[in-house]
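Working notes for the structure below.
Letters go in sequence order (proteins before strands), and every chain restarts at 1. As the structure is a computational prediction, the values presented were derived from the model and not from experiment. Atom set for the values below is all heavy atoms of this structure, side chains included, hydrogens, waters and symmetry mates excluded.
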Amino acid sequence: MTRRIVEILKKGQPEETITIQGWVRTKREQKGFAFIEVNDGSSMSGLQAILNADLPDYETILKNLNTGASVEVEGILAPSPGKGQRIELQASSVKVYGDADPNTYPLQKKRHSFEFLRTIAHLRSRTNTLGAVMRVRNACATAIHKFFQDKGFIWVHTPIITANDCEGAGELFTVTNLDLNNTPKKEDKSAIDFEQDFFGRRAYLTVSGQLQAEVMAMAFQNVYTFGPTFRAENSNTSRHLAEFWMVEPEMAFCDIVGDRDLAEEFLKYIFKYVLETCPEDMEFFNKRIDNSVLATADNIINNEFERISYTEAIDLLVKSNKKFEFPVEWGLDLQSEHERYLAEELFKKPVIVTDYPVGIKAFYMRLNDDNKTVAAMDVLAPKIGEIIGGSQREERLDVLETRMKDLDIPPEELWWYLDLRRYGTVPHAGFGLGFERVVQFMTGMANIRDVIPFPRAPLSAEF
RNA sequence: UCCUCGGUAGCUCAGCGGUAGAGCGGUCGGCUGUUAACCGAUUGGUCGUAGGUUCGAAUCCCACCCGGGGAGCCA
């Protein structure tokens, strides 16, 4: 492997002979010589190389060295007399691997709209912005693993195909290998007979690894999942994807307070890690995408998150005297506009809301002693809303069974989940973090489809 | 799925009943150190699709398709 440009820009010394490989970002021809900027994806900045006309095949090489061409440049590093870079590469030999016809190559040396870049998702990672996004995304993922591994959590791989359609987290994609032009029918011809399908029952893409993570937490105490999840909702927003990555820690012997504190520590850790490892990319986002991202990161890292109960949140919303489109009333769920008021206007930092009414939350959340609320928590972040949703789980078999009955969830579907309460049950808690939303929050990118390489959304799965 | 705005050159947009435009890009030429280089010339179109109104439609009307923003659902 040749040296990466990120390292050369930091540590490269004059007189060193080096070889770089990458893609041409710009070519600036002069009389008798030319500049090219080569980027290899290792950093925002590329390395400037100078090609003198006395290079063998200079004319041919220059003609093929257009934006997008792949190239290997060998030469000697020298201090750069021009402004904008410390060092530059004086090329002694240049090899063009593949040219890029400027008549058809869609990326220009100028700003493109993100809408256009989504139509060329196979090329957009070569742009400054998407390059920075993907490096920050990588740093976020690394931070997540480091955080949990340093605390002794076990990374567990929960299934992507599941047979439970009762997890209550939205519409599911069906997984089948039946012949869709000739599906087997049940005896009364009313419906498809999934007993003849691959798994002998209807199967789905997972919407959450939580239930299986609970299984694993009952053996390893502290675990986390980190993988793709799927929702077949017809959601057309800048905050939703049909395929997204989710992080779900689950802790045995833990209550809602421990859960809440971990969520805050976790978010702070990620932000700190990314600021330390991707300073150049973060500067770019602050300058070109959203001039508040560095201040926001600073705010996250250095301030305590606000902690309020759902009941207090309702009081604050009523007292605000603001005109909301949706009603504010105890028992109704908080709407986007309410969440935004709390996080953006009132507290101007993340807010953790706990103890929601039992009627608006999932069956597995632990019933509080007031019998009216459950030990749920949402972390609301300025600009993007709910970034984390979690809860203490109901560990009491009888209470859980009653809740499932109230919600018409057949217990035989989740017999194994109920078994966890029969054998060695323990208070436990966890949360789910939408990975792309963290990357969005971190970078200031307005649309979630621009923080994942190949976004999956309604009518969108081309690449 | 609902509300709303939009779809005109490769890209970003102007034109909004009367001969299809600009900037950028591409191409050609110029320039001894450029930084999304610069200067000059030049190239480039089924005006989203299908109907309708009109002497005449990119422009007005209708339907559909696609995209942005917002909402719902949620992470």
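Counting to the nearest Å, the C1' atom of U4(B) and the CG atom of Asn236(A) are 14 Å from each other. Protein atom CG of Leu117(A) is 16 Å distant from nucleotide atom P of G67(B), rounded to whole Å. In this structure, Phe324(A) atom CZ and A71(B) atom P are separated by 13 Å, rounded to whole Å. Atom P of nucleotide A71(B) and atom NE2 of His338(A) are separated by 12 Å, given to the nearest angstrom. Straight-line distance from the CG atom of Asp101(A) to the P atom of G25(B): 17 Å, rounded to whole Å. Rounded to whole angstrom, the span from the CZ atom of Arg28(A) across to the P atom of A36(B) amounts to 7 Å. For the pair Asn234(A) CG and C73(B) C1', the interatomic distance rounds to 10 Å; values are reported in whole Å. The nearest whole Å value for the distance from the CD atom in Glu386(A) to the C1' atom in G72(B) is 14 Å.
Using the Watson-Crick or G-U wobble rule with both distances under 3.5 Å, A14(B) pairs with nothing in any strand shown. Of the nucleotides present, none pairs with U34(B) by Watson-Crick or G-U wobble criteria with both distances under 3.5 Å. Summarising the base pairing, A41(B) is matched to U27(B) through a Watson-Crick or G-U wobble pair whose two defining distances lie under 3.5 Å. With a cut-off of 3.5 Å on both Watson-Crick or G-U wobble distances, the partner of U4(B) is given as G68(B). Pair assignment for A50(B) gives none, since no Watson-Crick or G-U wobble pairing has each distance under 3.5 Å.
OP1 or OP2 of G70(B) has at least one side-chain nitrogen or oxygen of Ser238(A) nearer than 4.0 Å. Within the structure, every side-chain polar atom (N or O) of Arg239(A) is placed at least 4.0 Å from both OP1 and OP2 of G70(B). Between Thr119(A) and the phosphate of G67(B), there is no side-chain N or O to OP1/OP2 separation shorter than 4.0 Å.
Two residues are said to be in side-chain contact when any heavy atoms from C-beta on lie closer than 4.5 Å; Pro455(A) and Phe463(A) fail this criterion. Using a 4.5 Å heavy-atom cutoff, the side chains of Pro14(A) and Leu77(A) are not in contact. Gln212(A) has its side chain within reach of Pro159(A): a pair of non-hydrogen atoms, C-beta onward, lies under 4.5 Å apart. Residues Arg307(A) and Phe305(A) meet the side-chain proximity criterion, which asks for heavy atoms closer than 4.5 Å.
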Legend entry - Reading 5' to 3' through nucleotides 28-33 of chain B, protein heavy-atom contacts under 4.0 Å coded B for base, S for sugar-phosphate only, - for none: S--BSB

Inset, instruction - Go along nucleotides 10-15 of chain B 5' to 3' and tag each nucleotide: B for a protein heavy atom under 4.0 Å from its base, S when only backbone or sugar atoms are that close, - otherwise. - result: BBS---

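A donor-acceptor contact under 3.5 Å links the side chain of Ser235(A) to the base of C73(B).
For the P atoms, the distance linking G52(B) with U12(B) amounts to 32 Å, nearest Å. Here, C2(B) and G44(B) have their C1' atoms 41 Å apart, quoted to the whole Å. Rounded to a whole angstrom, the distance from the C1' atom of A50(B) to that of G40(B) is 45 Å. Comparing the P positions of C3(B) and G72(B) gives a spacing of 15 Å, expressed to the nearest Å. Straight-line distance between the P atoms of C24(B) and U43(B): roughly 16 Å, to the nearest whole Å. C28(B) and C66(B) have their C1' atoms separated by 38 Å, with the value rounded to a whole Å. Comparing C65(B) with A20(B), their P atoms are spaced 31 Å from each other, to the whole Å. Taking atom P in both G10(B) and G26(B), the straight-line distance is 15 Å, to the nearest Å.
Using a 4.0 Å heavy-atom distance criterion, Leu241(A) is classed as a base contact.
In this pair, Tyr356(A) and Tyr310(A) present their aromatic rings tilted. The plane angle is within the 30 to 60° band. The aromatic rings of Phe33(A) and Phe35(A) sit perpendicular to each other, their planes meeting at more than 60°, with 30° as the lower class boundary. Aromatic ring orientation, Phe230(A) versus Phe173(A): perpendicular (interplanar angle above 60°, classes split at 30° and 60°).
Residues His145(A) and Phe226(A) bring their aromatic ring centres within 6.0 Å.
Cation-pi geometry between Lys146(A) and Phe148(A) is not satisfied (NZ or CZ under 6.0 Å from the ring centre, within 45° of the ring normal).
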Legend entry - Intermediate values then yes/no, ring pair (Phe, Tyr, Trp, His ring centres under 6.0 Å), His338(A) and Phe326(A): CA-CA 9 Å; His338(A) 307 142; Phe326(A) 290 89; 7.2 Å; no

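If Gln335(A) and Ala242(A) are placed on RNA chain B by their nearest nucleotide, the residue sitting closer to the 5' end is Gln335(A).
Between the side chains of Tyr224(A) and Gln149(A), at least one donor N or O sits under 3.5 Å from an acceptor N or O.
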